[in-house]
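Got a structure here, written out as structure tokens. Questions coming.
Just so we're on the same page: letters track the sequence lines, and every chain starts at 1. Because only heavy atoms are used, hydrogens play no part in the values below, and waters and symmetry mates are left out as well, while side chains stay in.
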Number of protein chains: 2
Amino acid sequence: MRVAELSNRSGVPVPTIKYYLREGLLPAGERTSPNQARYSEEHLHRLRLVRALVEVGGLSISAARDVLGALDDPDKSLYKAMGTVEKAVVALDGEPSSDEVAHEWVREFVTRHGWELEEDSGVYATLVNVLTTARQVGQDTFVDVLDDYARACVDISERDLDWVMTAPSQDAALEMVAVGTVLGDAALAAVRRLARRHAAQRRTAPPPPCP
Amino acid sequence: MRVAELSNRSGVPVPTIKYYLREGLLPAGERTSPNQARYSEEHLHRLRLVRALVEVGGLSISAARDVLGALDDPDKSLYKAMGTVEKAVVALDGEPSSDEVAHEWVREFVTRHGWELEEDSGVYATLVNVLTTARQVGQDTFVDVLDDYARACVDISERDLDWVMTAPSQDAALEMVAVGTVLGDAALAAVRRLARRHAAQRRTAPPPPCP
């Protein structure tokens, strides 16, 4: 198909498609003349994937390029792709604070759940900084909430992986990891707001009127 | 205390403190001379709160101002503050797509869990757009994952509220809502990565060597 049809079917404007082509997010079409190229169903699929990552997931062009690179990697594996996607998706980074109590809490938390976590990772720094900040504003007990997050996240993760395992091929599974992480973050934030609002409403609702 | 001591005790540089003062995130100190002001323990506490929202939570100055406004509102309530905080914190917005299947899925999802959701809200638009995108990249089954997210989010929300209820006063409870939402988002993202990585590692680990 021509670029105009690619645009029609994907809903992505032609200038944006050209931009993605220039940025290497979309492979070049097959040249049919100096000014024209032909695109396949695969291009359409890849373009929709780019849209999911960039427009719905809010990824930067370079982060999206990293994620797509993981899908195209000849040595790809589920675990490796997951690492790349996570690095690209979450802005969990920065230097951990020097609050030793927070460091100790994070180490205990990780051990308590039987996990492993490198202390030079963004996830480690994020947890240390969250707990440091909670302590500074006098909310030391926030650390207890983490254990409940952990239990909920184990459930979510198992379910996410069960879903990925339904993929018909490894390529499809890797795409599910990429899309699932990006869309999953947005969906989880939305669902959490919804659940919390409902719970708060229920707790603070006035008693029903007397009959 | 002078601004220098406020800076020392909070770890926030003096120029940043002056910026927060100009932006109205921090109330002015008590003038002691044309060039000097005195700050109280309350200023220090408020400054730490600003830091939590802006530096750890990644809120914009205007979003942080909205959240602090909710804490200072004379008509404040837990439920109202929660709404303001959520609006400021999550970038869940945009127009929902015109994909009728996705709209129907979201309506069914919300009803199935006994929730309520205005169709002109950012949460609704986010869910519709996530499902539209999933459909476009051929991952229609992603909708099933949402039910598991819902169950996990109900647990998390109840626990979050239990934690807020431990507050010694309503003012403290509102601060816990603000800090808990902002830090909670960061913490939940980090914990989820950790749990998922562990689950993936376990599933793809080679079998243990023969004895």
Side-chain angles (χ1 to χ4, degrees), chain A residues 45 48-49 51-52 56 78-79 82 86 90 92 110 115 117 123 126-127 129-130 133-134 136-137 139 141-142 144-146 148-150 152-161 163 166 175-176 179-180 183-201 203-204, chain B residues 45 48-49 51-52 56 77-79 82 86 90 92 115 117 123 126-127 129-130 133-134 136-137 139 141-142 144-146 148-150 152-161 163 166 175-176 179-180 183-201 203-204:
Chain A
H45 182 77
R48 286 179 170 152
L49 205 54
R51 233 186 120 253
V56 182
L78 199 60
Y79 186 65
M82 209 170 267
E86 288 183 2
V90 230
L92 298 180
V110 170
W115 292 337
L117 181 57
V123 168
T126 299
L127 289 175
N129 290 339
V130 161
T133 307
Q136 282 172 348
V137 294
Q139 301 188 359
T141 56
F142 185 73
D144 301 329
V145 177
L146 284 194
D148 298 276
Y149 283 8
C153 287
V154 166
D155 289 347
I156 291 174
S157 302
E158 292 295 337
R159 187 60 188 102
D160 271 345
L161 288 173
W163 176 68
T166 64
E175 269 191 33
M176 283 165 91
V179 174
L183 296 186
D185 272 351
L188 189 61
V191 172
R192 189 181 168 212
R193 297 293 171 268
L194 202 50
R196 199 167 79 149
R197 208 185 295 172
H198 182 78
Q201 211 165 18
R203 291 202 191 194
T204 59
Chain B
H45 182 76
R48 287 180 169 151
L49 206 55
R51 233 187 119 251
V56 181
S77 78
L78 199 60
Y79 186 65
M82 211 171 265
E86 288 182 2
V90 230
L92 299 180
W115 293 335
L117 181 57
V123 168
T126 299
L127 289 175
N129 290 339
V130 160
T133 307
Q136 282 171 348
V137 295
Q139 301 188 0
T141 55
F142 185 73
D144 301 330
V145 177
L146 284 194
D148 297 275
Y149 282 9
C153 287
V154 167
D155 288 346
I156 291 174
S157 302
E158 292 294 338
R159 188 55 189 106
D160 271 346
L161 288 174
W163 176 68
T166 64
E175 270 192 33
M176 284 165 92
V179 174
L183 296 186
D185 273 351
L188 189 61
V191 172
R192 188 179 169 214
R193 298 295 171 266
L194 201 52
R196 199 168 79 151
R197 208 185 296 170
H198 182 77
Q201 211 166 19
R203 291 201 191 195
T204 59

Heavy-atom closest pair, residues B:R197 and A:L117: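 For B:R197 versus A:L117, the nearest heavy atoms are NH1-CD1, 4.5 Å.
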
Closest non-hydrogen atom pair between B:I156 and A:R192, with its separation: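 That would be CG2-NE, 4.0 Å.
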
Minimum heavy-atom distance A:A190-B:V123, with the two atoms named: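 The answer is O-CG1, 3.7 Å.
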
Which atom of B:E158 lies closest to which atom of A:A199, heavy atoms considered: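 Smallest heavy-atom distance, with atoms named: OE2-CB, 3.7 Å.
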
Min side-chain heavy-atom separation B:V191-A:W115 under 4.5 Å: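 Yes, side chains in contact.
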
Non-neighbouring partners of A:R48 that pass salt bridge (Lys or Arg N to Asp or Glu O under 4.0 Å), sequence neighbours left out: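 Salt bridge (Lys or Arg N to Asp or Glu O under 4.0 Å) list for A:R48, sorted by chain: empty.
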
Closest non-hydrogen atom pair between A:F142 and B:A187, with its separation: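 Between these two residues, the closest heavy atoms are CE2-CB, 4.3 Å.
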
Greatest number of heavy atom pairs closer than 4.5 Å to chain B - which of A:Q136, A:H198, A:Q139, A:M176: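 Highest number of heavy-atom pairs under 4.5 Å: A:Q139.
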
For chain B, the option from A:R159, A:R51, A:H45 that forms the most heavy-atom pairs under 4.5 Å: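 Answer, by heavy-atom pair count under 4.5 Å with chain B: A:R159.
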
Non-hydrogen side-chain atoms of A:D160 and B:D148 separated by less than 4.5 Å: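 SC-SC contact between A:D160 and B:D148 ruled out.
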
Choice from A:D155, A:V145, A:V110, A:T166 maximising heavy atom contacts with chain B below 4.5 Å: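 That would be A:V145.
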
Interface moiety of B:W163 toward chain A, non-hydrogen atoms closer than 4.5 Å: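 Side chain of B:W163 only, per the 4.5 Å heavy-atom cut-off to chain A.
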
B:C153 to A:L188 - nearest heavy-atom pair and separation: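 It is SG-CD1, 3.7 Å.
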
